[in-house]
Student: 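For reference, the structure I am asking about is given below.
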Amino acid sequence: MKFFDRVRAIQRRPEFWLIEDRWATAASYFVGFADGDPTEPLAGFHEWATRRMGRGETSESWESVLFQTIKGEPLLTRSLELDEDLNRQALNLMYELLFEFEKRPR
């Protein structure tokens, strides 16, 4: 299954693919799956996504920038959890960014 087809499948039925329907679980899955894909489906995504979220060039991961965009505070390893509403917002933003990245002109 191609990377973005898998992303769509997970968005439709996260309970089938992920241990929990949380933004951090999905982000880790996507990064790991993309790293093993020889077509490099997320090549350039970090730079593109952080710019798209208004951060410009940064050494922070796109996951950290997404967390800060949603929660409004830095990502700390002890505070990965978001309440249900913020988790849903983070998931929606992540899927929006991934699908927009897929459709961008190359």
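Predicted model only: the values in this text are computed from it and were never measured.
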Student: Show the numbers, then the answer: is there a side-chain hydrogen bond (donor to acceptor under 3.5 Å, both in side chains) between Glu96 and Asn92?
Tutor: CA-CA 6 Å; Glu96 176 185 324; Asn92 289 341; over 6 Å; no
Student: Only one of Glu15, Glu63, Glu84 clears salt bridge (charged side-chain N to carboxylate O under 4.0 Å, His left out) with Arg22; which?
Tutor: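 It is Glu84; the other options fail the test.
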Student: Give a yes or no answer on whether the side chain of Asp21 reaches the backbone of Arg88 with a donor-acceptor pair at less than 3.5 Å.
Tutor: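 No.
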Student: Nearest 0.5 Å, please: how far is CG in Leu93 from CG in Leu66?
Tutor: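 CG of Leu93 is found 4.5 Å from CG of Leu66.
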Student: Going from OH on Tyr29 to CD1 on Ile10, what distance comes out if it is rounded to the nearest 0.5 angstrom?
Tutor: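 So the gap between those two atoms works out to 4.5 Å.
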Student: Taking all non-hydrogen atoms of both residues, which atom of Ala90 and which atom of Trp23 are closest, and how far apart?
Tutor: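 Closest approach of Ala90 to Trp23, heavy atoms only: CB-CB, 3.7 Å.
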Student: Is there a side-chain contact between Gln11 and Arg6 in this structure, where contact means two heavy atoms from C-beta onward sitting under 4.5 Å apart?
Tutor: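 Not in contact.
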Student: Measuring from atom OG of Ser28 to atom CG of Leu18, what distance do you get when rounded to the nearest 0.5 angstrom?
Tutor: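 The distance works out to 10.0 Å.
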Student: If you draw a 6.0 Å radius around CD in Glu40, do more than 12 non-hydrogen atoms from other residues or ligands fall strictly inside?
Tutor: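 Counting other residues, nucleotides and ligands, CD of Glu40 stays at 12 neighbours or fewer.
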Student: Has Arg104 got a side-chain atom pairing as donor or acceptor with Phe101's backbone, closer than 3.5 angstrom?
Tutor: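 Checking the backbone N and O of Phe101 against the side chain of Arg104, a donor-acceptor pair under 3.5 Å is found.
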Student: Is the shortest heavy-atom distance from the side chain of Asn87 to the side chain of Ile70 under 4.5 Å?
Tutor: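 No, every pair of side-chain atoms sits at 4.5 Å or beyond.
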Student: Hey, is the main chain of Glu60 close enough, under 3.5 Å, to the side chain of His46 for a donor-acceptor pair?
Tutor: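 Yes.
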Student: What is the distance from atom OG1 of Thr25 to atom CZ of Phe30, rounded to the nearest 0.5 Å?
Tutor: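 CZ of Phe30 is found 10.5 Å from OG1 of Thr25.
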Student: How far apart are the C-alpha atoms of Leu98 and Glu102, what are their side-chain angles, what is the distance that settles it, and do they pass the side-chain contact (heavy atoms from CB on, under 4.5 Å) test?
Tutor: CA-CA 6 Å; Leu98 286 166; Glu102 176 189 25; over 6 Å; no
Student: Nearest 0.5 Å, please: how far is CZ in Arg55 from OG1 in Thr69?
Tutor: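 Thr69 OG1 to Arg55 CZ: 7.0 Å, rounded to 0.5 Å.
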Student: Are any non-hydrogen side-chain atoms of Phe3 and Leu42 less than 4.5 angstrom apart?
Tutor: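 Answer yes - side chains close enough.
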Student: Kindly determine whether Trp62 and Trp48 satisfy side-chain contact (heavy atoms from CB on, under 4.5 Å), including the steps that lead there.
Tutor: CA-CA 9 Å; Trp62 65 266; Trp48 179 90; over 6 Å; no
Student: Shared ILVMFWY cluster between Phe33 and Phe16, side chains joined below 4.5 angstrom?
Tutor: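 Shared cluster, yes.
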Student: Within the distance-only criterion (no hydrogens, no angle test), does the side chain of Thr50 pair as donor or acceptor with the backbone N or O of Thr58 below 3.5 angstrom?
Tutor: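 Between the backbone of Thr58 and the side chain of Thr50 there is no qualifying donor-acceptor contact (under 3.5 Å).
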Student: Please assess Glu47 against Glu57 for the test side-chain contact (heavy atoms from CB on, under 4.5 Å), listing each intermediate value before the final yes or no.
Tutor: CA-CA 7 Å; Glu47 296 80 9; Glu57 270 190 48; 5.8 Å; no
Student: Please lay out, stage by stage, how Arg8 and Tyr95 fare under the test side-chain contact (heavy atoms from CB on, under 4.5 Å).
Tutor: CA-CA 8 Å; Arg8 278 186 274 287; Tyr95 288 122; over 6 Å; no
Student: So, do Met53 and Leu97 sit near enough that their side-chain heavy atoms are less than 4.5 Å apart?
Tutor: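 A side-chain contact exists here, since the closest heavy-atom pair is under 4.5 Å.
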